[in-house]
Amino acid sequence: MRMEEALAELERVQTQLLQRISKLEHSYLPSSLSQNDTVHDAGTDTDTDTDTDTVARLSSILRSNGVPEFSFKRVPSDYYDWPLEARRDALSAASIHHLCKSIVLVNTQAPANVVDCTNRNNSKYYVVVVQYTARFNAEAVKNFLYSLNNGSIAKKKFNMRLAPEETSMELTGYGHNAVTCIGMKTDIPVILDEAIVKLTPDFFWLGGGEVDLKLGIRTSQLIKFINPFIVNCSSN
């Protein structure tokens, strides 16, 4: 009798585990959407997992600045351990090349009088949005900024490096893996890699302000809103 009870208990536990796995799969695996179906107006997003202050704040900023086509999606805590193909599927992204990130750069050789982001042509800091599949080229940004200033600033005064995490947090208000170029604490000029502009369809994914939150957005609408510098600053 004890053996039968033990088997019954084991079967009950296994059933519960299978139910939990099924729920997780339905929550995180991509739906059978076409590339066009991935894009939807933010007002139709009813996912309670994305009902947070961050989503409300960023959604308000985007809508009020003429960006109607965007989407927020919550991802599992181990998302960054996944290969890009799995991340693509979780977001229903068009390709792995549509997965992007925002990084904060600091000019470590900026003149003493350049201490903030007042002058977007010669800022102490820049946010660069690049693809995960691309290799960021800091030298290309350096050359771009040198040309942007018509050679009036010595090229040696541009040395773009990844800003310390605490500096990035202080400037953007977002922590590691949560940085987005929308709604930052500081109005940091944005550099958008040219490769992202060339993506088809023109809807890509980047950080959404929380570690496990992703923001999908229409590229053309984002460009009109934030007016980024579009620079060829990566290689595959």
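Just the heavy atoms: all of them, side chains too, but no hydrogens, waters or symmetry mates, feed the values below. The structure presented is a predicted model; accordingly, all values stated were derived computationally and were not measured. One-based numbering along the sequence shown.
At least one side-chain heavy atom of Leu215 sits less than 4.5 Å from a side-chain heavy atom of Leu62.
Listed for the Asn137 side chain is no donor-acceptor partner under 3.5 Å among the backbone atoms of Cys233. Side-chain N or O atoms of Asn150 include none that pairs as donor or acceptor with a backbone N or O of Ser152 at under 3.5 Å. Gln221 contributes a side-chain N or O that, together with a main-chain N or O of Glu69, makes up a donor-acceptor pair within less than 3.5 Å. Listed for the Ser60 side chain is no donor-acceptor partner under 3.5 Å among the backbone atoms of Ala56.
Residue pairs meeting the ring pair (Phe, Tyr, Trp, His ring centres under 6.0 Å) criterion with at least one member in residues 169-198, sequence neighbours excluded, do not occur.
Remark: Thr108 pairs with Val106, Asn159, Arg161 by the side chain to side chain contact (heavy atoms under 4.5 Å, CB included) rule, at least two apart or across chains. Every residue meeting the side chain to side chain donor-acceptor pair (under 3.5 Å) condition with Asp202, not counting sequence neighbours, appears here in chain and number order: Arg218, Ser220. Scanning for salt bridge (charged side-chain N to carboxylate O under 4.0 Å, His left out) contacts around Lys155 gives an empty result, with sequence neighbours left out.
The aromatic rings of Trp82 and Tyr79 sit tilted, their planes meeting at an angle between 30° and 60°.
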Under 3.5 Å, which donor-acceptor pairs link side chains of residues 181-188 to any protein atom two or more places apart or in another chain?
from	atom 1	to	atom 2	distance (Å)
Thr186	OG1	Leu171	O	2.9

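Rounding to the nearest 0.5 Å gives a distance of 4.0 Å between CD1 of Ile223 and CD1 of Ile230. In this structure, Trp205 CH2 and Phe72 CZ are separated by 9.5 Å, a value rounded to the nearest 0.5 Å. In this structure, the separation between CG on Asn149 and CG on Asn121 is 5.5 Å, given to the nearest 0.5 Å. Cys100 contributes atom SG, which lies 9.0 Å from atom OH of Tyr132 (distance to the nearest 0.5 angstrom).
Grouped by direct or indirect side-chain proximity (heavy atoms under 4.5 Å, Ile/Leu/Val/Met/Phe/Trp/Tyr only), Phe229 sits with Ile103, Leu105, Tyr126, Val128, Val130, Phe136, Val141, Phe144, Leu145, Tyr146, Leu148, Ile153, Phe158, Met160, Leu162, Ile191, Val231.
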